[in-house]
Amino acid sequence: SKGTTADPRRLGTGQLPLVRLRRDVEHPLSHNQQRLWFVRQMNPGSTVYNIPSVVRFEGPLDERAMERALQLIIERHESLRTSFVVHDGVPGCLVEPVVDFRLERRDFSRLAAPENNRAAMGAAQEAVERPFDLSRPPLMHALLVRIAEQEWHLTLVLDHIIADGLSFAVLIHDLVHLYSIENGVPLPPLEPLDIQYLDYVDWEQRCFEAGALEAHRTFWMKELEALPELVTMPTDRPRPPVQTSRGGRHVAQWPPELAANLKDVARQQGATLFMVMLAAFQTLVYR
């Protein structure tokens, strides 16, 4: 809302520094993690918040080097070594120094096409629908499937409580680099990560304690006070008593100039491209 003095984009957090915390003690969850943990308690065993990604490789692939690279990824990123515990109904998290990890492997290269691809898709779907135990890291499933002599699919599944869609860009970048090193390519080592998510959570909590949370809450409670509790849209099927989250996906390509124009709008509004697209969809729903 332009002109509103409580605009969240203008809420400063002062000069609070990011500091590195001790790793041998339990720490609180971020607000996003608290929300996801709460939802999990209402629907234990749900896989709705499993985030999958499939990477396709062509050419020779060293399975042992891939497994070692994934082990190094887990060592590098503490979120993958984080366990979630509960004391008196209050969740907390702890970074484990070492976790057990094995790369799952399947070989469908002896099957003829398209049966090999169908088998690979079925195996990937099984990995995506496998629930996580938040107390037992790593919260990542990794499945390497051989489709043909020179074709491989790597399916990675992360729990949303430790990652989001953008996390995969970081993970894949690091994985390719580490796999190349393990495969004998002379690349420099990745720079160490001085600050990790746990340190951000501490910074977030200190910002909220300094007043940022209440300012955000006041702004959004005012902005959203007139919204209906449930938006009922006309559908061709009745609303089920229990939400299944099953759905489909439609993929379309837009001209590059349209994509560039949308990004320009996002920059002008100080918003992400996702926010612009969501606003467009909400306008469609409104009409």
| said: In the structure I gave you, are the side-chain heavy atoms of His141 and Phe132 within less than 4.5 Å of one another anywhere? | reply: yes
* Decide whether Val55 and Ile147 are clustered together by the hydrophobic rule: side chain heavy atoms of Ile, Leu, Val, Met, Phe, Trp, Tyr closer than 4.5 Å, transitively. => no
Sub-4.5 Å side-chain heavy-atom contact between Thr155 and Val145 = no
Original post:
Hey, are the side chains of Val54 and Leu154 touching, using non-hydrogen atoms and a 4.5 Å cut-off?
Top reply: no
Any ion pair linking Arg206 and Glu209 (charged N to carboxylate O, less than 4.0 Å)? no
Checklist line | Pair Thr82-Tyr197, side-chain donor/acceptor within less than 3.5 Å | finding: no
Name each donor-acceptor pair under 3.5 Å that joins a side chain in residues 56-64 to protein atoms two or more places apart or in another chain, with its distance.
unit_1 : atom_1 : unit_2 : atom_2 : d
Arg56  : NE     : Glu151 : OE2    : 3.2
Arg56  : NH1    : Glu58  : OE2    : 3.0
Arg56  : NH2    : Glu58  : OE2    : 2.5
Asp62  : OD1    : Arg64  : N      : 3.0
Asp62  : OD1    : Ala65  : N      : 3.0
Glu63  : OE1    : Arg105 : NE     : 2.8

Residues passing the side-chain hydrogen bond (donor to acceptor under 3.5 Å, both in side chains) test with Glu26, sequence neighbours excluded, are His87
* Asked: Taking atom types as modelled and ignoring hydrogens, do the side chains of Asn32 and Ser30 form a donor-acceptor contact shorter than 3.5 angstrom?
  -> no
Decide yes or no for Leu70 and Tyr179: does some side-chain heavy atom of the first lie under 4.5 Å from some side-chain heavy atom of the second? no
Stepwise salt bridge (Lys or Arg N to Asp or Glu O under 4.0 Å) check, Asp159 with Arg40 | CA-CA 11 Å; Asp159 194 296; Arg40 184 70 59 85; 2.6 Å; yes
### Any Ile74 side-chain heavy atom under 4.5 Å of Arg81 side chain
yes
Are Arg23 and Leu198 side-chain neighbours, meaning at least one heavy-atom pair lies under 4.5 Å? yes
So salt bridge (Lys or Arg N to Asp or Glu O under 4.0 Å) across residues 165-185, not counting sequence neighbours, yields Arg76-Asp174
- Should we say atom NE2 of His31 is surrounded by more than 12 heavy atoms from elsewhere, each under 6.0 Å from it? yes
Worksheet item: Is the shortest heavy-atom distance from the side chain of Val170 to the side chain of His77 under 4.5 Å?
Response: yes
Counting C-beta onward and ignoring hydrogens, is there a side-chain heavy-atom pair between Phe84 and Pro91 closer than 4.5 Å? no
*Distance-only side-chain donor-acceptor flag, Glu129 / Gln125, under 3.5 Å*: yes
